[in-house]
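Working notes, structure below.
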Amino acid sequence: MKNEATTIIDVPAESSSAMKGSAPLIGVARDHTTSGSGGYKRGLSIFDFLLRLAAIIAASVAAGTMFTSDETLPFFTQFLQFEAGYDDLPTFQFFVIAMSMISGYLVLSLPFSVVTIVRPLATAPRLLLLVLDTAAMAFNMAAASSAAAIAYLAHNGNQNTNWLPICQQFEDFCQKTSGAVVSSFVSVVFFIILVVISGVALKRH
């Protein structure tokens with residue numbers, strides 16, 4: 001019988017410790033990216049919540065100031081009493097109703113803003129706020145612009161239509177209506193920032 005020689009070739013295999021050591025590096029890098037994005041969006045959500053509180057104050061002040069803008073002149077006759085109020089003009093009535101509705105919407109939107117803080121990576125509540133904020137911003141702009149036009153006529157009048165300025169007589173009325181209009185435009189600015197924040201938060205990195 002002939003003895004057969006056998007040749008054994010050792011193939012170096014990667015140790016299990018080396019294989020286990022490479023896996024956590026990938027997981028750590030992935031978690032770091034996710035947490036960084038979540039922290040960035042959580043910061044935007046907190047800023048969003050604070051802006052909504054400021055917008056509630058601005059819209060409420062606008063509605064309340066316009067609602068309490070009535071003024072009665074101290075002199076009157078037996079048949080006439082000179083009085084000016086927001087309910088004398090349909091545009092100012094629309095303004096009070098619109099700003100009250102906007103204030104109510106902002107209050108109702110606060111829970112959704114809190115959800116975006118708790119879950120910064122959730123897109124559904126952020127997208128809903130983006131759509132509703134855009135509609136509310138347009139509604140706010142319409143109310144503010146129409147009221148601003150009437151306030152301008154009250155201050156300066158219009159010679160072509162024989163609209164005489166009344167602010168020389170009703171100074172308190174004009175000051176309150178002008179302040180309400182300014183506050184409503186401040187609310188519009190807050191809405192613009194809110195829409196931009198929602199757009200940035202929805203952007204995928």
Side-chain angles (χ1 to χ4, degrees), residues 22-69 86 90-149 151 176-205:
S22 60
L25 296 177
I26 300 176
V28 170
R30 188 174 301 172
D31 293 340
H32 176 73
T33 304
T34 304
S35 62
S37 177
Y40 171 73
K41 292 185 177 181
R42 180 174 284 108
L44 289 177
S45 299
I46 294 174
F47 187 47
D48 176 279
F49 182 82
L50 296 177
L51 279 178
R52 290 182 189 279
L53 294 178
I56 290 173
I57 296 174
S60 300
V61 168
T65 304
M66 183 67 76
F67 184 77
T68 59
S69 62
Y86 83 96
T91 302
F92 285 166
Q93 292 180 359
F94 166 71
F95 179 87
V96 173
I97 295 173
M99 297 309 298
S100 299
M101 293 176 62
I102 290 171
S103 299
Y105 159 72
L106 287 169
V107 173
L108 294 177
S109 68
L110 290 178
F112 295 94
S113 182
V114 173
V115 171
T116 60
I117 297 176
V118 178
R119 301 181 59 188
L121 298 179
T123 58
R126 177 63 65 187
L127 182 60
L128 178 63
L129 288 176
L130 176 62
V131 174
L132 295 179
D133 287 345
T134 304
M137 180 185 65
F139 193 41
N140 193 346
M141 179 66 75
S145 300
S146 59
K176 288 186 176 181
T177 54
S178 299
V181 170
V182 171
S183 183
S184 65
F185 277 110
V186 172
S187 178
V188 171
V189 173
F190 286 145
F191 269 116
I192 293 174
I193 300 175
L194 287 173
V195 171
V196 172
I197 289 176
S198 296
V200 172
L202 288 172
K203 182 181 179 181
R204 295 182 179 179
H205 298 280

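Just so we're clear, the structure is a prediction, and the values are computed from it rather than from any experiment.
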Smallest heavy-atom separation, K203 atom then K41 atom, equals O-NZ, 4.1 Å

Between the side chain of T177 and the main-chain N/O of A151, is any donor-acceptor distance below 3.5 Å? no

Taking all non-hydrogen atoms of both residues, which atom of A122 and which atom of R126 are closest, and how far apart? O-CB, 4.1 Å

Crowded around F112 CZ? As in, over 12 foreign heavy atoms under 6.0 Å? no

Might you point out which heavy atoms bring P120 and V118 nearest each other, and give the distance in Å? CD-O, 3.3 Å

For G199 and L130 the tightest heavy-atom approach is N-CD1, 4.4 Å

Do L53 and L110 come within less than 4.5 Å of each other through their side chains, counting heavy atoms only? yes

Inter-residue atom distance L51.CG - L44.CG, 0.5 Å rounding: 10.5 Å

What pair of heavy atoms forms the shortest contact from Y86 to F67, and how long is it? OH-CE1, 3.0 Å

Output yes when a side-chain donor or acceptor of S183 lies under 3.5 Å from a complementary backbone atom of A180, and no otherwise. no

Just one of L194, V107, I57 clears the side-chain contact (heavy atoms from CB on, under 4.5 Å) bar with R52, so which one? L194

Which of these, S187, S145, S184, sits in a side-chain hydrogen bond (donor to acceptor under 3.5 Å, both in side chains) with N140? S187

Can you classify the ring geometry of Y105 versus F191 as parallel (below 30°), tilted (30 to 60°) or perpendicular (above 60°)? parallel

T65 side chain to A62 backbone, donor-acceptor under 3.5 Å: no

Of all heavy-atom pairs linking S198 and D48, the shortest is OG-OD2, 4.4 Å

Okay, side chain of T91, backbone of A147: is any donor-acceptor separation there less than 3.5 Å? no

